[in-house]
Amino acid sequence: KDTLIYSIPTIVSRGIGIFLLPIYTRITSPDQLGALELFIAFSTIISITVAFEITQGISRFLPESDKGLRGSYATTGLAFSTLMYVISISLMYIFAEYLSVFITGSNEYLTEFYLILIYIFFNSYYYYFQNILRFEGKSSQYSISSVIYALVNITVVFLLGIVFNYSLQAILISLILSSFFGSFIGLFFLRNSFALNFSFNLLKKLLSFSIPLVPASVFIFISLYIDRFMINYFLGLEQVGIYSIGTKISSATGLILIGFQMAITPLIYKNYHLERTPNDLSIIFKYFIAFALIFFLSFSLLAKEILLLLTTDYFLIAAPLIPILVLSFLFSHMYVFMPGIAIKKKTYLILIFNFLVVLINVFLNYILIPKLGIFGASLATCCANLFGFFCYVYFSQKLYYVQHNWYRYCFIFFISLAMLYCSFNYIDSLNSYILYLSKFLLLATFIAVLFLFKILSIDEFLSFKSIIFKKAQQN
């Protein structure tokens, strides 16, 4: 039940990100979208580093503590986080003019940078309260707060952007108000969860756990956002804006991961020692591959139509990016199906993987962006994430072996690529009726191939459904 409830904010956030694209692309220019993307990236690295990921420490110690100690942990973490953000934002305000130019490469976004500082401050509280709600098991309140955040975001950006004709500032103000109201609701739900008891001993304990985790989070951040900053360096804000549209649409891929993660989590942490678990994992992964490739092919075949539906004609040039970015998203999240490292608690390997992915990502972006533009950036990120997934597969299989038919999966994957190649080079030039009929036949043929090669089967699908629902209920 809790897992299903916790899935709601993920679904809402993904959906809202897609739903807002028609507004964003009509009230802002590509340059402004690029600046927004870089400002959001900047706010992300600030949230990771300023408070030293203290919420990670709270996640470790708060759930196992008694009620009185929980309040002390929550208060200590909140006081430390507030102090660090006040100091950091004050310094950033002093150097705002320099930082604005450093982030965007332009001196036109100083006012927007001030707004981002306000957003960072309120969002720090929203993020902190959301984590406390989750750690205390208040799943319903967590979801309510997330939904209110999303509703305020939509309402404000619509009013300011569409009704009152604001542009980038409408988006930033909506983020500020969303964070403010989300924080207020979160604090209301947690009104009995804090104690008037700040403890330096507890702070030391929290930081001793969380500080070593900061480098791994920084590596993940660099891996996720380095392409945007390098695109801005080589090509400018306009190309960052176009690229950001491709990444937002591709992030919808995350919706297909939710149900699978619901099934995987209890298998890894509760039932990994059972004899049947590797077989269950194998079945779940096989069906994930099937659904992921169907999603990949569908999204790629309809990339132009999706862009026309959600954006304007100008952003059609992002269509070739979507297949690569969908694959990149999948590769960066498929590690959940390789549980050996988590089961054997060899988490130091994750830091090494993230570091190597960052190095490869930076190197390939540096080489490919000047030659291929934003397509090179998407290709670089995809290759780096693929390498990271290979690392997870290799070491996870050594630590906790699960039988997978890799040759069959690779063959099916190359069939999907061949179909996509045929679509881009031959089918896209056809007239509309023949075009859509041909794309439908391609997709139907691919699904038939999945059955032909026994990636999908009726009997196993029924077994797969039983695993999914049983594990979701256990979680």
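A quick note: this is a predicted structure, and the numbers were derived from the prediction, not measured. Values reported hereafter were calculated over all heavy atoms of this structure, with side chains retained and with hydrogens, waters and symmetry mates removed.
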Under 3.5 Å, side-chain donor or acceptor atoms of residues 194-204 against the rest of the protein: list the pairs with distances, not counting sequence neighbours.
{"residue": "Asn197", "atom": "ND2", "partner": "Ser72", "partner atom": "OG", "Å": "3.0"}
{"residue": "Ser199", "atom": "OG", "partner": "Asn201", "partner atom": "N", "Å": "3.4"}
{"residue": "Ser199", "atom": "OG", "partner": "Leu202", "partner atom": "N", "Å": "3.1"}

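- Taking every heavy atom of both residues into account, Ser396 and Met338 meet most closely at OG-C, 3.1 Å.
- Remark: aromatic rings of Phe42 and Phe113 are close, center separation under 6.0 Å.
- Centroid-to-centroid, the aromatic rings of Phe299 and Phe295 come within less than 6.0 Å.
- The aromatic rings of Phe122 and Phe180 lie perpendicular to each other, with more than 60° between the two planes, well past the 30° mark.
- Judged by distance alone, the side chains of Gln130 and Ser146 do bring a donor and an acceptor atom under 3.5 Å apart.
- Under the side chain to side chain contact (heavy atoms under 4.5 Å, CB included) test applied with Tyr24, the options Leu168, Ile171, Leu310 reduce to a single match, Ile171.
- Summarising the local packing, CZ of Phe234 is surrounded by more than 12 heavy atoms from other residues, nucleotides or ligands at distances under 6.0 Å.
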* Worked check of side-chain contact (heavy atoms from CB on, under 4.5 Å) between Ile350 and Ile341 -> CA-CA 8 Å; Ile350 298 174; Ile341 295 171; 4.0 Å; yes
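- Here Phe121 and Tyr125 bring their ring centres to under 6.0 angstrom of each other.
- Between Trp406 and Phe390, the ring centre distance reaches or exceeds 6.0 Å.
- Checked by atom type, the side-chain pair Arg276/Asn279 shows no donor-acceptor distance below 3.5 Å.
- Other residues, nucleotides and ligands place no more than 12 heavy atoms under 6.0 Å from the CZ atom of Phe158.
- Aromatic ring centroids of Phe337 and Phe288 lie under 6.0 Å apart.
- In this structure, the side chains of Leu293 and Tyr409 stay at 4.5 Å or more apart for every pair of heavy atoms.
- A donor atom on one side chain and an acceptor atom on the other are found under 3.5 Å apart for Lys205 and Tyr73.
- For the residue pair Gln403/Ser282, the side-chain donor-acceptor check at 3.5 Å is not satisfied.
- Open room surrounds CZ on Phe181; 12 or fewer heavy atoms of other groups in view lie less than 6.0 Å from it.
- Pairing each heavy atom of Ser210 with each of Ile54, the nearest pair is OG-CA, 3.8 Å.
- Phe61 CZ: more than 12 foreign heavy atoms inside a 6.0 Å radius.
- In summary, the aromatic rings of Phe219 and Phe353 are positioned with their centroids too far apart to meet the 6.0 Å limit.
- The heavy-atom pair separating Leu33 from Thr25 by the smallest distance is CD1-CG2, 4.1 Å.
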